[in-house]
Trainee: 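Please find one structure pasted underneath; my questions will follow.
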Amino acid sequence: MSGWQKIKQIENDGFLFKISFAIVLRSIAFQYSHLFAERVELNSPFYSFNHLNDGVALLEDGFDPYSGNDFNLPPISLYALYFLQKYVPNLLPTLWILMDISTALILSKISGTKTLMPFLFYAFNPISIASCSILSLTIPQNLLIAMIFWAYRLDYSKTVAILIGFWSSFTLYPLLLIFSLIFVANHKISAVFLAILAFFAANLVNFVLNEWSWSFLDSTYQVILNFTNIQPNVGLHWYFFVQVFEHFRTFYTSAFTILYFFMGIPLTLIIRNDKEMHFISILLLITTFFPYPTLNSATICLALLPVLEKYRNYFRYTLLVPTTLITTIALMPVMWHMWIVSSSGNANFFFGATLTYNVALIYLIMDLIFVYSRRQIDVLHGDSIKKQAKFGYSFY
Amino acid sequence: MRWSLFLLFFFPCTIVAVLNTGLQLRIDELFDTPGHTNNWAVLVDTSKFWFNYRHVSNVLALYHSIKRLGIPDSNIIMMLAEDVPCNPRNPRPGTVYASRAGSNLYGSDVEVDYRGEEVTVENFIRVLTGRHHPATPRSKRLLSDHQSNVLVYLTGHGGDSFMKFQDTEELTNVDLAYAIRTMYEDNRYHEMLVIADSCRSASMFEWIDSPNVLSLSSSLTHEESYSYDIDENIGVYVIDRYTHFTVQFLSKEVKALNSSANMQDYIEACPARKCLSTTGVRKDHYSKDPTRVRVTDFFGSARIFQHLTEEIELDDDFWSG
Amino acid sequence: MYRIFLLFTLCFAKEEYWENLKLDRVSENELKAEFRFGASRENLKNERDFEVFPRILDELIEEYDVKYLLVIMGQGRWKDDKWGRKTQPGAVHGAQVYADFEANSEEGADKKLRFLIEALNGILCTSLSQISLITSPQLEIFKRPKYSTSQQIFRRYGILSRETTCTENLTRLRKLLACRQSGISILLHPSKLYDVLYHASHLIVKKNEKISEMEVGITAVFKNKNPIQGSNWLLSSIFESKLSSSCGIATKSQIEANNQIYDVKNLETSFDIEITSKPISNEAKLVKGWTSQGGSDQQNGILHISLQNGDLDSKLEVSQILPYFVQPRYAKISFKNCQITRKALQTSKNEKSSALLQYEIIIKSGEKCEITIPFDKKILRLDDYPPDANHGMHIPAAVIFVSQKSDSYTIHTNPILVALPVPDFSMPFNVICFVATAFALIFGPLQLYSTMWLAPSPPRSTFWRKINRLILLILIVLCLYAHFMEINLNEVRRGIEQYLEKLNELR
Amino acid sequence: MNFVLVEGGGVETPPILRKILRLRKIALILAGIAAWYYASVVLNPENMENTRISEHSLMPGLVTAKFDKTSMIAQIFSDLSENPKNIQKTICGYFHKWDLSCHSQKFRSNVPGIQISGENVYAWIRGSRNDGGEAQLIGVKIGGGRKKSEAELRNLIIAQVMAFAYYAKDQVYWSRDILFVFIDATSNSDDSTNFAFDAFLQEYHLTHSNYSTPTTVIHAEQLKEQCGLLIAGIVYEPVKWPRKSKKDTRIMSAAMNGINGQQANLDLFNSAAKIAHQKLSAGMALFGIYQDPHSYSTQAWPYLIPLRAIYGQGFVAVEGLHSVLGKYSVPALTIGLDHTMGPENGIFIESMCRMLNNALERLHQSYFMYILGDDMHFASIAYYLPILGIISAPLLISAYAEWREIQQIRLSPFIYIAHIIGALQFTGATYAYANFGAKIFDTNLAQLFILSSIIPFGLIYNFVVLARKSAENQAEIRFTRLFLQLLTCLMLGCLGLVNFGLALFGAIFAVPLVFVMTFESTSRARSYIRTIFLFFANPIFLLTFSAINLQQYLEYPQKVGENAIFDLNLAENLIYRAIREHLLFGSAHFALFCLFAQPVWNLLFLTAISTTNNEIDDEKMKKE
């Protein structure tokens with residue numbers, strides 16, 4: 001209904017042209033996919049298509065992919081690709097483009113009538129285009145996120161819960177979204193339970209697919225919770241666990257994991273009456289603190305930001321965060337080249353770039369929280385504020 | 001056959017007889033009674049890489065002189081961090097020479113106990129404290145007791161209050177002191193001599209506070225210590241000054257076990273004009289006066305025997321073992 | 001002397017000792033020498049007397065239920081096309097260990113193996129502790145004996161390419177021989193045996209119900225240093241020592257040279273011969289294999305195994321160990337005219353244990369088969385790097401078991417050196433600080449905003465803030481000063497200590 | 001902590017930033033002067049650091065070289081000069097006689113546009129006691145030579161290297177194999193020689209079967225032996241007598257610039273220089289100049305070598321054969337040997353080989369980014385990178401100013417269009433050149449390219465789309481300004497880390513241009529004037545102009561262009577060279593030109609011609 005009208009309204013300013021342009025860009029990118037196939041910024045053990053392919057190859061040769069450490073994806077995606085490869089091997093690029101475009105479409109339906117920003121941000125984002133061209137698994141994930149957020153806005157509590165549970169069964173970190181379920185309109189608690197139920201159901205499917213064995217748990221959830229895989233990516237943790245002393249590792253693993261999973265509580269305490277804000281900041285938490293992210297897992301959060309139109313004037317780091325993000329993203333390949341290819345620099349360079357990138361994201365989250373409470377001031381006693389009033393923090 | 005065994009059995013007694021000649025008695029008056037029964041040595045070359053040839057030859061030179069003075073291979077724990085003799089870069093394979101016109105230090109009778117990447121700080125501490133993985137073979141353990149004099153010799157690249165192992169990790173002087181303290185508490189030595197031959201090596205024994213430990217070093221805390229000889233054919237320095245002159249002293253002055261050279265002579269064996277660095281000494285935890293201690297108490301293995309007075313019958317199962 | 005020993009031995013278990021030396025010219029001025037020393041002993045219960053069989057090996061066998069144990073150490077490269085077939089069991093640069101032994105469980109086997117390796121280090125003066133031994137699945141690695149046993153047999157194999165072999169190993173091997181100062185073992189002159197083109201030595205220990213055997217072998221290829229004055233291959237000049245006394249207790253003690261056998265069992269005079277036989281011409285019958293590495297950066301590389309068959313159809317069983325620091329791109333592994341009949345892959349959950357990739361290949365005569373294994377180079381934890389991390393780490397050589405219709409033998413390719421990506425080794429504290437700071441950045445505001453509220457507040461005096469900043473500034477200045485003057489913390493400490501001592505003296 | 005909340009949202013910005021904005025108008029001049037003085041201090045060899053040398057490479061300096069096969073040189077040389085037709089066979093004949101393995105490798109190009117083919121020769125000295133995991137490379141050119149004398153010189157160098165091989169095969173201490181590569185240089189063009197070397201290296205590193213690259217330009221025979229990891233490569237060639245070389249000092253030459261601004265490890269060059277000093281008492285000439293590091297007082301202007309270093313790093317993609325090794329990230333040098341001293345050269349080669357043999361790890365603990373003042377002094381990146389920062393500071397300031405003015409973010413579609421145009425040019429030109437060569441439909445490819453790249457698409461877009469002066473268009477232009485300023489800074493920054501020379505020269509042109517063109521102009525006349533100027537500041541014009549004048553300024557002997565402003569032939573040659581180097585060696589010049597320089601130029605039209613009718617913000621600042 002309303003969504004459809006939006007589409008109609010949007011079509012007036014050459015929407016179809018934009019979509020087709022996005023599709024063309026992606027299909028061009030497929031011709032140059034070899035340029036991105038090995039990029040560390042776009043690949044990670046949990047999203048790289050190459051790893052999935054290796055697993056499938058092992059499966060075809062009759063070996064168990066989960067007997068080693070190197071294959072980290074759950075059986076569902078393994079078998080899904082196995083069958084895709086078997087029956088429709090040529091349709092993969094088309095499928096990926098479709099998923100990506102539909103993500104963009106959903107975003108455009110989500111966002112308000114006046115602005116096309118989310119759509120543009122996503123459809124014409126070079127990062128998402130490149131990731132699409134290498135069949136990165138972040139593309140289906142982004143589609144999932146978009147759907148969840150859509151349903152979340154429309155208060156389809158059951159759908160949201162089930163989707164969240166399903167998504168969590170891949171990378172575990174999205175479980176934090178359960179806190180957002182509190183804000184869906186009707187029967188909140190049951191929704192939470194539903195999500196957890198869906199999570200276990202998905203794992204049961206994995207269990208069955210994996211010839212009735214739990215062996216996949218070690219190489220999926222273990223690897224996430226213990227930060228076992230220390231290969232470079234754009235995340236926070238890899239270099240830390242390369243460097244940290246052997247006997248401190250358990251301490252830090254547990255500290256980081258606990259910190260992450262408890263972050264939902266204070267956040268829920270702070271952001272109490274704006275569910276989009278809550279959802280997006282939790283989404284940012286997930287993308288920032290997941291140990292094996294790629295650049296593309298952040299793009300959708302950034303594309304969702306324009307939804308928070310009403311907060312626009314309150315943001316503090318409007319110049320700092322975007323420029324830092326862009327600069328670090330541009331510097332990553334350079335630093336990587338200096339470290340790995342021409343060996344004219346060492347690992348710290350690349351690590352520095354990734355760290356700054358993540359700090360920028362963290363600043364964004366901080367700013368979201370600040371902006372929220374800043375707006376509360378105007379909402380609560382907006383009229384009582386004089387120009388240049390001093391504000392400080394005090395207890396409730 | 002019986003005759004030969006008979007000889008074998010009384011051989012010690014003959015030694016004692018020789019020791020008891022008057023001259024020896026008079027010499028013995030100059031020295032304190034040793035009070036130890038066996039000698040152990042831990043010789044460590046801590047530095048990897050081909051151009052550290054000299055550290056390997058340091059250890060080997062000392063190894064040969066203490067072997068000559070009677071410490072058996074089973075009592076010497078030798079650690080070599082780099083395989084220099086069989087390194088492909090070595091133009092004379094299987095050999096190590098401490099000087100251009102010297103003799104081969106790496107003959108057929110060398111036994112290396114820890115080599116290559118086994119030479120780590122952890123293993124060194126384990127050897128001293130005797131806390132090994134149960135699988136560790138006998139030849140890699142320091143099985144000393146309250147009656148043994150232990151010689152610990154470290155050579156490599158050092159800095160202020162640390163010693164580099166394999167160019168990666170560091171043995172700090174505090175670690176060393178703790179290890180020795182543990183040895184003392186476990187009664188693992190009677191007297192100990194610690195020698196550090198590296199730059200700024202005097203800092204290595206700064207924290208040692210266990211009794212009966214005499215510590216020497218090639219240079220003071222603020223000094224570098226220097227290498228002695230270079231062999232242009234292989235393009236590396238072949239020995240360090242301190243070790244060169246001290247080993248020279250051992251081979252010149254300490255010909256046999258009963259030599260009358262004392263520790264003070266050893267300490268003064270490398271004066272500043274030879275070493276180009278002032279050697280460091282630490283005696284405050286060593287009760288004896290170095291002038292009244294034989295060099296061979298540490299560098300040789302003097303077998304000290306009890307006199308046998310009573311008759312011993314050997315029954316038949318002695319013969320059939 | 002040993003007459004008396006013989007006198008004693010009458011009541012002992014049946015033991016045998018034999019020694020053998022084989023000398024061949026492999027090219028115009030290259031000579032191959034193969035030493036073989038063997039001892040065997042029948043297993044009698046409660047019979048603990050040893051004459052020629054080394055007691056320590058027997059203890060090894062008994063303690064670790066060893067059925068078959070093989071340790072090979074090698075240095076240098078064997079030139080297949082010039083020197084013909086490699087002496088079996090074939091050595092490769094570094095050390096190989098191959099063990100069959102009884103154990104009741106996987107864990108038990110691992111534990112036992114650890115002890116066994118340490119024991120070997122003690123016996124052979126090696127440093128094999130780093131070696132990672134993996135169970136080899138169905139395909140063969142060496143020709144394998146069959147057992148009839150109640151317990152479970154574990155078969156482990158591993159290569160340590162970094163391991164060096166030097167004279168101390170030879171010394172220890174000699175210690176295992178019954179005749180050390182007499183017989184052929186006189187010729188084991190270390191400085192000569194290591195100044196060669198190729199050196200390999202091995203120890204084999206076998207045991208079955210009846211007897212337990214051991215064999216010590218040393219192979220060396222000598223090069224004629226001065227070919228100008230003809231090749232004088234006098235025995236005494238090769239080994240720098242005459243064969244003067246013979247080993248009496250040996251049942252067999254002989255030298256094979258010039259296509260005949262000289263018995264040196266009981267010599268009167270010192271024995272010396274010149275090896276005059278012409279070099280045997282090696283027609284290209286053998287299977288040759290070598291490994292090259294590809295890739296030019298430190299992200300991913302290629303392992304390229306080339307197998308060149310001779311003029312006989314052969315069945316190859318290629319076993320390639322892939323250490324834990326490389327991750328094979330399984331989907332990208334490609335073959336060029338290889339006819340694969342069986343594949344086997346052995347991986348393990350353990351982070352530090354390596355994978356074993358095995359192929360059974362049928363290859364026609366004269367053909368060349370190429371296996372290309374792309375891999376990703378992994379970055380490791382700081383503690384997992386060797387001391388010279390920038391030098392890279394070795395992927396061990398592939399072992400190829402060739403079986404032709406007439407015979408079967410083992411060849412090896414060569415190990416390759418992989419330049420791994422390395423972190424900065426001086427960083428741990430900084431990195432911990434930085435990442436922890438990043439976490440603090442998110443934790444701080446969360447804690448602040450969730451416990452406090454933004455509300456109007458009267459302007460506060462900034463005096464204390466100024467003071468704080470001043471203190472911080474002073475600290476920073478001091479740190480910078482210390483940094484640029486290269487002041488060592490220990491020196492500072494000593495200065496303070498001396499000052500305190502002075503104070504004490506004053507009192 | 002306290003915030004000062006501004007009415008209508010947000011938090012007040014700290015005042016210091018506003019103070020900085022006051023400088024905006026004179027920022028460009030200030031930055032220019034500052035950069036000039038800073039550079040003149042940093043790039044003066046007398047202020048540079050001395051080249052230290054690590055223990056790895058010092059030790060071999062102490063080895064007494066024992067090369068004694070001088071007689072062999074004459075023999076090989078005569079053999080080579082007798083039958084110049086089949087040098088390959090002669091070389092392999094010798095190696096086989098010494099019973100060393102020697103093979104030849106044929107190669108040709110895959111693409112029709114480039115007709116190159118030939119035959120390399122490579123031979124191994126395998127160390128007897130190593131495992132063959134590592135190797136060092138020695139490269140020499142064979143054949144060719146424009147004049148007879150040149151061919152003879154080459155043969156002489158070949159003979160000297162082979163004499164060393166004859167000596168080295170009897171040595172027992174090689175812990176790394178030595179690989180001799182004799183590169184086919186029969187067709188005298190440098191490109192084909194580099195191509196020949198690349199053909200060999202590609203097979204050595206198996207990049208042809210590497211899954212990450214789709215197709216390769218070169219088709220070459222597979223190598224017949226096992227290959228280890230290359231730790232370094234040295235290419236020997238006859239020295240070209242440099243300018244300012246006194247007769248009494250022996251002069252050798254060294255070159256170390258690689259593709260895309262890579263440089264050989266400083267340790268490598270450094271120990272080469274040290275060995276030359278100690279063993280041969282010879283000096284190293286750099287970039288065709290020999291400068292005695294001890295006598296600066298005599299010399300008037302010390303900046304020539306540093307400037308040539310920067311220029312070479314920036315614009316000379318393939319300096320010599322060693323650059324091709326750089327493509328495979330192998331540290332490499334080209335050493336020019338003085339052909340008159342045969343035995344000494346043997347000794348030099350031996351010392352270099354033993355240095356690389358004794359070096360324990362890969363050469364890693366040293367500088368890779370440096371500017372050489374002479375063979376004894378260098379400036380490290382920490383000192384020379386700030387030059388770039390100072391130059392591009394004005395853009396950052398004006399970017400911040402723009403940001404404070406921006407009301408709404410409106411991404412101009414022309415940003416996409418401009419880049420797509422550039423990409424089309426890039427792919428089109430490379431594809432056409434690879435498949436049809438320089439002539440397509442009997443028109444000159446380069447001329448087409450130049451034509452396509454001097455069309456001001458930005459201007460067209462401006463008149464078609466942004467004609468009417470609406471708020472959206474204003475916002476669009478304003479954001480384009482910000483975008484351009486940030487993009488330029490970002491590009492220069494990233495480039496500066498990889499290829500400082502290119503970044504510096506780029507900045508000298510780009511920063512003022514972007515600064516002026518994105519500055520708000522109130523008067524229409526000013527906008528039109530600067531637009532016309534912008535039209536003539538087309539990247540191709542700038543490139544040709546600088547190519548002519550820089551080379552003359554840096555006193556390069558060869559003459560480049562007819563007149564000092566623009567020269568069509570030169571422009572065409574530059575473009576062809578860029579395309580060829582991109583295709584053969586993966587140099588990034590052409591890509592950078594098409595994907596960044598061109599779009600920026602196009603985009604600048606949007607901002608150049610636009611006029612802002614609202615007050616310029618410095619009055620605002622006065623108010624604040």
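Any value given below was found using the heavy atoms of this structure, including those in side chains, with hydrogens, waters and symmetry copies removed. All of these numbers come straight from a predicted model, not from anything done at the bench. Proteins get letters first, then strands, A, B, ... in listed order; numbering begins at 1 in each.
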Trainee: Which one, Trp238(A), Tyr363(A), Phe289(A), Tyr252(A), leads in non-hydrogen pairs under 4.5 Å with chain C?
Mentor: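 Greatest number of close heavy-atom pairs with chain C: Phe289(A).
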Trainee: Less than 4.5 Å to any heavy atom of chain C: does that hold for the side chain of Leu285(A), its backbone, both, or neither?
Mentor: side chain
Trainee: Relative to chain A, which of Asp297(C), Thr347(C), Ile379(C) shows the most heavy atom pairs under 4.5 Å?
Mentor: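 Maximum pair count with chain A is reached by Ile379(C).
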Trainee: Anything in residues 347-357 of chain A with a heavy-atom distance to chain C below 4.5 Å? Please list those residues in order.
Mentor: Ala347(A), Asn348(A), Phe351(A), Leu355(A)
Trainee: Going from CG on Leu380(C) to CD on Gln231(A), what distance comes out if it is rounded to the nearest 0.5 angstrom?
Mentor: 7.5 Å
Trainee: Where on Ile333(C) is there a heavy atom nearer than 4.5 Å to chain A: the side chain, the backbone, both, or neither?
Mentor: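 Looking at Ile333(C), nothing touches chain A.
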Trainee: Name the atoms and distances for all side-chain donor-acceptor pairs under 3.5 Å in residues 427-445 of chain C, with sequence neighbours left out.
Mentor:
{"from": "Thr437(C)", "atom 1": "OG1", "to": "Cys433(C)", "atom 2": "O", "distance (Å)": "2.4"}

Trainee: Side chain from CB out, backbone as N, CA, C, O: work out which of these in Asp70(A) comes under 4.5 Å of a heavy atom of chain C, or both, or neither.
Mentor: both
Trainee: Considering only heavy atoms, which portion of Leu267(A) lies under 4.5 Å from any heavy atom of chain C: side chain, backbone, both, or neither?
Mentor: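 Both backbone and side chain.
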Trainee: If you look at every heavy atom in Ala331(C) and Ala57(A), which pair is closest and at what distance?
Mentor: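 Closest approach of Ala331(C) to Ala57(A), heavy atoms only: CA-CB, 3.7 Å.
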Trainee: Quick one: what part of Phe240(A) sits under 4.5 Å from any heavy atom of chain C, side chain, backbone, both or neither?
Mentor: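 Contact with chain C is through both the backbone and side chain of Phe240(A).
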Trainee: Can you tell me how far NZ of Lys377(C) sits from CD1 of Ile340(A), rounded to the nearest 0.5 angstrom?
Mentor: 9.0 Å
Trainee: Is there any salt bridge (charged side-chain N to carboxylate O under 4.0 Å, His left out) pair reaching into residues 431-444 of chain C, and which pairs are they, with sequence neighbours excluded?
Mentor: none
Trainee: For Val341(A), which atoms come within 4.5 Å of any heavy atom of chain C: side chain, backbone, both, or neither?
Mentor: both
Trainee: If I measure from the heavy atoms of chain A, does Asp424(C) come under 4.5 Å with its side chain, its backbone, both, or neither?
Mentor: both
Trainee: Using residues 257-264 of chain A as the side-chain source, report each donor-acceptor pair under 3.5 Å to any protein atom, sequence neighbours left out, with the distance given to one decimal.
Mentor:
{"from": "Thr257(A)", "atom 1": "OG1", "to": "Thr253(A)", "atom 2": "O", "distance (Å)": "2.6"}
{"from": "Tyr260(A)", "atom 1": "OH", "to": "Tyr173(A)", "atom 2": "O", "distance (Å)": "2.9"}

Trainee: Please give me the minimum heavy-atom distance between Thr228(A) and Arg381(C), naming the atom from each residue.
Mentor: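 Of all heavy-atom pairs spanning Thr228(A) and Arg381(C), the closest is O-NH2, 3.5 Å.
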Trainee: Could you walk me through whether Asp61(A) and Tyr330(C) pass side-chain hydrogen bond (donor to acceptor under 3.5 Å, both in side chains), step by step?
Mentor: CA-CA 10 Å; Asp61(A) 281 350; Tyr330(C) 196 83; 2.8 Å; yes
Trainee: Can you tell me if CZ on Phe248(A) sees more than 12 non-hydrogen neighbours from other groups inside 6.0 Å?
Mentor: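 No - once you tally the heavy atoms of other residues, nucleotides and ligands closer than 6.0 Å, there are 12 at most.
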Trainee: Tell me, out of Asn229(A), Asn69(A), Ile362(A), who's got the most heavy-atom pairs with chain C below 4.5 Å.
Mentor: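 Of Asn229(A), Asn69(A), Ile362(A), Asn69(A) has the most heavy-atom pairs under 4.5 Å with chain C.
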Trainee: Hey, does the side chain of Trp339(A) reach the backbone of Pro423(C) with a donor-acceptor pair shorter than 3.5 angstrom?
Mentor: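 Absent.
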Trainee: With respect to chain C, which residue among Ile365(A), Asn346(A), Leu58(A) yields the maximal number of heavy-atom pairs within a distance under 4.5 Å?
Mentor: Leu58(A)
Trainee: Can you say whether Glu60(A) sits under 4.5 Å from chain C via the side chain, the backbone, both, or neither, judging by heavy atoms?
Mentor: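 Contact with chain C is absent: no heavy atom of Glu60(A) under 4.5 Å.
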Trainee: In Å, rounded to the nearest 0.5 Å, how long is the span from CG of Asp64(A) to CG of Leu345(C)?
Mentor: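 If I round to the nearest 0.5 Å, the distance is 10.0 Å.
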Trainee: Can you tell me how far the CD atom of Gln299(C) sits from the CH2 atom of Trp336(A), to the nearest 0.5 Å?
Mentor: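 Gln299(C) CD to Trp336(A) CH2: 5.0 Å, rounded to 0.5 Å.
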Trainee: Between CG of Asn50(A) and CG of Asp376(C), what distance do you get to the nearest 0.5 Å?
Mentor: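 Taking CG in Asn50(A) and CG in Asp376(C), the distance rounds to 8.0 Å.
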Trainee: Please check if the number of heavy atoms outside His483(C) that lie under 6.0 Å from its NE2 is greater than 12.
Mentor: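 No - once you tally the heavy atoms of other residues, nucleotides and ligands closer than 6.0 Å, there are 12 at most.
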